[in-house]
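Before any comments, here is the structure.
Since the structure is predicted, the reported quantities are computational estimates derived from the model, not experimental observations. Starting from 1, each residue takes its place in the sequence as its number. Both ligands and their constituent atoms are indexed starting at 1 by order of listing.
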Amino acid sequence: FSSSVLYRFASSHMNRSNEIKRVSIEGNIAVGKSTFAKLLQSAGQDWEVIAEPVSKWQNVDQTTRTADGAQQSSSNLLEMMYHDPKRWSYTFQTFSCMSRMRTHLQPLAARLLQSTGTPVQVYERSVYSDRYIFALNMFELGCINSTEWAVYQDWHSFLVEQFGHRIQLEGIIYLRASPQTCMERLGRRGRMEEEGIQLDYLEKLHMKHEDWLINKSTKVHFEHLAKLPVLVLDAEVEFEKDAKVQDDLLTKVKDFFS
Ligand code: DCP
C-alpha cells in the first residue's frame, strides 16, 4: 500500500518545524492498536511507534540485596491484577502508568533526528486512557477503593501537569470495534494473563471509550484533553492483511491531520 500517504502528512501537512508531533492510538483490548501502529510506522518515514511497555508489567524486576549478594526474581503484575483485581489493581495502575510515562518521555530515535520532515511519535495508548478508561473502570467496579482512587488522581494530575508539555498530544486515533470483535481477537492472540477476561469486561471498557471519545461525557481534569481532535476509525473490518483497507485507513489519517 502507498507509503507516500503518511509521508506527505508528516512532512507537509503538519508544519515543518523540527518539533515532535505526538499521536495516541486508543481502543479496546485486542482491537489491533499495535498492528495499526506498525502500519503507520511502515507507511511514514518520519513516524516512530512508542510501544506499550506490557512486557515490563509481566516482568517486574525484584532485585533484593541479601548478605551473600543480590538475588533477582520477577513477578507478573498483569497476571496478578487479573487474578486478584481487588488486591492488585491500584498497584498495577500505578506501575503501568509510571512505566508508560517513562517510555513516552524517552528521546526521539536517532534515525528521526536526521529526518527532514516533522517527526511523529505514535503512542499505543496514553496516560489519559490509563486514567479515564482502566483506572476509572476499576474504581467503578470496586477494585480500586476511594482512598486509592484519590491518591491515584492526585499523583496522576501532578505528573501530567509537570511533564505534560513534553508528551502533549496532537490528536487521538480511536480504533473502534464492537466488544464481540475484540473478544474474538483476544481469544485468537491467546495472551495467557487475559484468559479469564469476559465479554462483560470488554463491554465496560468499550463504553468508557465511547463516553470519553465519542459522547464526550467523561469529566476530564485536563483542559487541553477535552479539546483534542479525535479521528474515529472503523476497526471492525480485518485490516491486518488487507492492503486496500489499510490504504483507506491511512488516507483517513492523512485527511484528518491535514
Ligand atoms: N491494561 C490495564 N490497564 C491499563 C493498561 C492496560 O489493565 N492502564 C491491560 C489490558 C490488557 C493489557 O494491559 O490486558 C494490554 O492492554 P492494551 O489494550 O493496551 O493492549 P493490547 O495488546 O490489548 O492492544 P492491541 O491488541 O490493540 O494492540
Answer yes if the side chains of [X] and [Y] hold a donor-acceptor pair under 3.5 Å, and no otherwise.
{"X": "His156", "Y": "Glu161", "answer": "no"}
{"X": "Tyr201", "Y": "Glu194", "answer": "no"}
{"X": "Glu26", "Y": "Ser24", "answer": "yes"}
{"X": "Arg22", "Y": "Ser126", "answer": "no"}
{"X": "Asp130", "Y": "Gln93", "answer": "no"}

Exercise. How would you list, by chain and number, the residues with a heavy atom under 4.0 angstrom from ligand 1?
Worked result: Ile29, Ala30, Val31, Gly32, Lys33, Ser34, Glu52, Trp57, Leu78, Met81, Tyr82, Phe92, Gln93, Ser96, Arg100, Arg125, Asp130, Phe134, Arg189, Arg191, Glu194
For this session: Can you see which heavy atom on Trp155 is nearest to which on Thr94, and at what distance?
Result: CZ2-CA, 3.6 Å
